[in-house]
Amino acid sequence: GRSATVLGDFLLARSAFEETFVASQNGYRMLVRVLEVSAEHVVYQRISPQRELAGRARSCPMIVFLANFMPEAAAY
């Protein structure tokens with residue numbers, strides 16, 4: 001059968017999961033580069049496990065970004 005990972009209400013193919021997330025001591029992390037910050041929004045771009053920019057730039061509300069992402073140094 002096909003290997004997949006459940007992420008929230010989504011089913012993510014194993015290959016897509018491995019292209020998006022990196023293993024860490026406390027589970028998995030999605031690496032991002034912050035491109036722009038305003039009082040209300042953050043524009044970011046995903047970084048692959050190989051540390052290369054991947055995908056398109058995305059925007060999300062500042063409060064959502066702060067609730068879901070932390071600086072990489074904080075993970076150690």
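Val22 and Leu53 fall within a single hydrophobic cluster, where Ile, Leu, Val, Met, Phe, Trp and Tyr side chains are chained together by heavy-atom contacts under 4.5 Å.
Looking at residues two or more places apart in sequence or on another chain, you find a side chain to side chain donor-acceptor pair (under 3.5 Å) between Gln50 and Ser48. Qualifying side-chain contact (heavy atoms from CB on, under 4.5 Å) partners for Met62, counting only residues two or more places apart in sequence or in other chains: Val37, Val42, Leu66. Checked against side-chain contact (heavy atoms from CB on, under 4.5 Å), Val43 has the following partners two or more places apart in sequence or in another chain: Leu35, Glu36, Ala57, Ser59.
Taken from CZ in Arg33 to CD1 in Ile47, the straight-line distance is 5.0 Å, to the nearest 0.5 Å. For the atom pair CD of Glu19 and CZ of Arg14, the computed distance is 12.5 Å after rounding to the nearest 0.5 Å.
Listed here is the closest heavy atom pair of Glu18 and Pro49: O-CG, 3.3 Å. Closest of all the heavy-atom pairs between Met30 and Arg46 is SD-CD, 3.9 Å.
Legend: ring pair (Phe, Tyr, Trp, His ring centres under 6.0 Å) pairs involving residues 22-43, not counting sequence neighbours, sorted by first then second residue: Phe17-Tyr28.
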